[in-house]
Chemist: 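Handing you a structure now.
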Amino acid sequence: MTPTPASQKLFDRALAVSPGGVNSPVRAFRAVGGTPIFMKSGSGAWLTDVDGKTYVDLVGSWGPMLLGHAHPEVLAAVDSAVALGTSFGTPSEPEVLLAEEIVARTSVDSVRLVSSGTEATMSAIRLARGFTGRDKIVKFAGCYHGHVDALLAEAGSGVVTLGIPGTPGVPAHVTADTIVLPFNDRAAVEAAFAEYGAEIACLITEAAPGNMGVVPPAPGFNAFLSEICTANGALFISDEVMTGFRVTSAGHWGVDGKVEGWSPDLVTFGKVMGGGFPAAAFGGRADVMNLLAPVGPVYQAGTLSGNPIATTAGLATLKLATPDSYGRLDATSAELQRLVGEALTAEGVEHIVQNAGNMFSVFWGVTDRVANFADAQEQEAWRYKAFFHAMLDAGVYLPPSAFECWFVSAAHDAEALSRIAEALPSAARAAARAEKDN
Ligand SMILES: *Cc1c(COP(=O)(O)O)cnc(C)c1O
């Protein structure tokens, strides 16, 4: 491993004043070993760490940086907004413009802006329970919907990376109403609704899961979920925090919702729509949304919700995310998937690359397609450790976990791809030679 003394020094100080030295567990290097890299700046597809080393970034702040870092037009919009003041605690124009953009692009009639994806899913579930007068919720194993108590049952992302079985601090009665099912399994969903149909407030799913690695829904699966919810008087919540405005201008709904004719009752958004600032949203059918305070009795609020800087950055990002950008993102992602696949095959590393639009990930040591969380957990995640560090040494920043999605941006160009292509052969060799640790 290349020494990174400035990162090491900051990490030691961080450890002294914060748990694990990080403010979100997914940033830790627990699953891959070593010291987290402290980044100092970003520009386009590139990050520069505090030791001055550069990396091609394939994390993109875990999804938000659709256009790459420090896009000049986004920065200019933010600068102008900052000069006008940073928070008023009153309605302001940028939040209306962002809400109009979201409503125009997606299936939702109405949106409420919040500050994180967690807040969006938490509020959507409260609203679904308020609307239906029911308590039970259905989720899928391996799907991550933020750190909402009731949704941490068999969650993906950092929960699976760290191998946390349930989360202490979440009382058993809070998850007692959460039914966890295997993804892509129609029979399991039918059985759950047959038994509990009249008690189920909602089913929540990632529109195309990216938090157990990328596991796309089987054709027709979202439409099936939507239908069975409607038939049972439950609401269908599509979590597009990761996929929204990333895989198409309308999110994953734009991929199969329009074609298969399903539409969610509620949708959650985040990541891209904040343009690198804390902004998220939930929205949906007007009759459901109008149950929210101040119109209806379901309470939901936020001091910084619809913050003028965050909404300005989000709107600037969405305005720059044109059909042309999505075409480029898809092409870059496809090229990268090809390069990774070829490098691993050349070294005899068994693997499968799965994608949902331009989101993709690699499953190590598996030969069949991964359809759910149980399949995902069969992978040889230990091979990824060796691969990850070889790539990091060669200046490519990947998610420090085999269970996370790789993100490209519209700024990933030929130069960025060639840095990755140069790094791949020796990283693939490292993965081939890796030995399982216990
Ligand atoms: C990231 C994510 C969340 C949580 O969003 P935060 O802003 O981290 O709270 C929720 N759902 C999905 C699908 C996500 O990818």
Side-chain angles (χ1 to χ4, degrees), residues 22-28 59-66 106 112-126 128 137 139-162 167 178 183 202-217 222 225 236-247 251-253 255 264 266-283 300 302 304-307 310-311 313-314 317 356-361 373 376 399-401 403-407:
V22 292
N23 284 307
S24 187
V26 297
R27 300 175 195 171
V59 177
S61 189
W62 300 93
M65 308 319 295
L66 186 78
T106 67
R112 169 68 52 92
L113 301 180
V114 294
S115 300
S116 73
T118 297
E119 256 187 282
T121 59
M122 179 184 77
S123 306
I125 279 168
R126 181 183 306 147
I137 59 182
K139 80 172 284 276
F140 293 108
C143 281
Y144 179 70
H145 302 291
H147 60 100
V148 179
D149 282 357
L151 296 176
L152 280 176
E154 293 185 54
S157 190
V159 185
V160 52
T161 299
L162 297 171
T167 296
T178 305
F183 190 68
C202 61
L203 177 150
I204 184 167
T205 183
E206 288 186 56
N211 282 295
M212 49 177 142
V214 175
V215 178
N222 279 313
L225 295 177
F236 176 43
I237 305 178
S238 183
D239 183 350
E240 296 242 31
V241 171
M242 185 183 286
T243 48
F245 318 112
R246 167 160 285 277
V247 296
H252 183 76
W253 175 78
V255 178
L266 291 173
V267 191
T268 53
F269 303 105
K271 297 196 167 106
V272 170
M273 63 158 282
F277 284 81
F282 64 104
Q300 192 284 328
L304 294 174
S305 293
N307 173 269
T311 48
T317 299
N358 60 57
M359 295 167 19
F360 72 100
S361 74
F373 193 36
S401 164
F403 293 93
E404 300 282 6
C405 174
W406 300 17
F407 296 98

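What you are looking at is a predicted structure, and each value in this text was computed from that prediction instead of being measured. All ligand and atom numbering here is 1-based and tracks the order in the structure.
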Chemist: For Asn211, which part has a heavy atom under 4.0 Å from ligand 1: side chain, backbone, both, or neither?
Modeler: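 Side chain only.
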
Chemist: Heavy-atom distance from atom 5 (O) of ligand 1 to the protein below 4.0 Å?
Modeler: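 It does; a protein heavy atom is within 4.0 Å.
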
Chemist: To check your reading of the model: name the closest protein heavy atom to atom 9 (O) of ligand 1, its residue, and the distance in Å.
Modeler: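 It is Thr118 OG1, 2.6 Å.
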
Chemist: Going by the order shown, which atoms of ligand 1 are within less than 4.0 Å of some heavy atom of Gly146?
Modeler: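 Selected atoms, number and element: 3 (C), 4 (C), 10 (C).
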
Chemist: Ser116 side chain to Glu119 main-chain N or O, any donor-acceptor pair under 3.5 Å?
Modeler: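 At least one qualifying donor-acceptor pair exists.
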
Chemist: Enumerate the atoms of ligand 1 whose separation from the nearest heavy atom of Met242 is less than 4.0 angstrom.
Modeler: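 Those atoms are 15 (O).
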
Chemist: Considering only heavy atoms of Tyr144, which atoms of ligand 1 have at least one such atom less than 4.0 Å away?
Modeler: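 Those atoms are 11 (N), 12 (C), 13 (C).
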
Chemist: How close does the nearest protein non-hydrogen atom get to atom 11 (N) of ligand 1, and which residue and atom is it?
Modeler: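 Closest protein heavy atom to atom 11 (N) of ligand 1: Asp239 OD2, 2.7 Å.
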
Chemist: Just by distance, do the side chain of Ser238 and the backbone of Pro264 share a donor-acceptor pair under 3.5 Å?
Modeler: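 Between the backbone of Pro264 and the side chain of Ser238 there is no qualifying donor-acceptor contact (under 3.5 Å).
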
Chemist: Applying a strict 4.0 Å limit to heavy atoms, is Lys271 in contact with ligand 1?
Modeler: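 The answer is yes: ligand 1 sits under 4.0 Å from a heavy atom of Lys271.
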
Chemist: Look at atom 7 (O) of ligand 1 and say which protein heavy atom is nearest, naming residue and atom and giving the distance to 0.1 Å.
Modeler: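 Answer, as residue, atom name and distance: Gly117 N, 2.8 Å.
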
Chemist: If you count the atoms of ligand 1 from 1 in the order shown, which ones are under 4.0 Å from a heavy atom of Glu206?
Modeler: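 Every atom of ligand 1 under 4.0 Å from some heavy atom of Glu206: 13 (C).
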
Chemist: Give a yes or no answer on whether the side chain of Asn307 reaches the backbone of Ala279 with a donor-acceptor pair at less than 3.5 Å.
Modeler: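 Not confirmed, Asn307 side chain does not pair with Ala279 backbone.
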
Chemist: What is the nearest protein non-hydrogen atom to atom 3 (C) of ligand 1, stated with its residue, atom name and distance?
Modeler: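 Looking at atom 3 (C) of ligand 1, the protein heavy atom closest to it is Val241 CG1, 3.7 Å.
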
Chemist: List every atom of ligand 1 that sits less than 4.0 Å from any heavy atom of Ser116, numbering the atoms from 1 in the order shown and giving each element.
Modeler: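 Reading through ligand 1 atom by atom, the close ones are 7 (O), 9 (O).
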
Chemist: Between Ser157 and Glu404, is any side-chain donor less than 3.5 angstrom from a side-chain acceptor?
Modeler: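 On atom types as modelled, these side chains qualify, holding a pair under 3.5 Å.
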
Chemist: His145 heavy atoms, cut-off 4.0 Å: which ligand 1 atoms fall inside?
Modeler: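 Once the distances to His145 are compared, the set is 10 (C), 11 (N).
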
Chemist: List the atom of Val241, the atom of Lys271, and the distance in Å for their closest heavy-atom pair.
Modeler: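 Nearest pair, atom of Val241 first, then Lys271: O-CB, 3.3 Å.
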
Chemist: Kindly say whether Thr178 contributes a backbone atom to a donor-acceptor pair with the side chain of Lys139 at under 3.5 angstrom?
Modeler: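 No: the side chain of Lys139 does not pair with the backbone of Thr178.
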
Chemist: Whether the Gln300 and Arg126 side chains hold a donor-acceptor pair (N or O, under 3.5 Å, no angle test) is what I'd like checked.
Modeler: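 Note: Gln300 and Arg126 side chains miss the donor-acceptor criterion.
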
Chemist: A side-chain contact here means heavy atoms from C-beta on lying under 4.5 Å apart; do Met359 and Thr243 qualify?
Modeler: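 With C-beta onward as the side chain, the pair touches.
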
Chemist: Classify the ring geometry between Phe183 and Phe140 as parallel (under 30°), tilted (30 to 60°) or perpendicular (over 60°).
Modeler: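 Taking Phe140 first and then Phe183, their aromatic rings stand perpendicular (interplane angle over 60°).
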
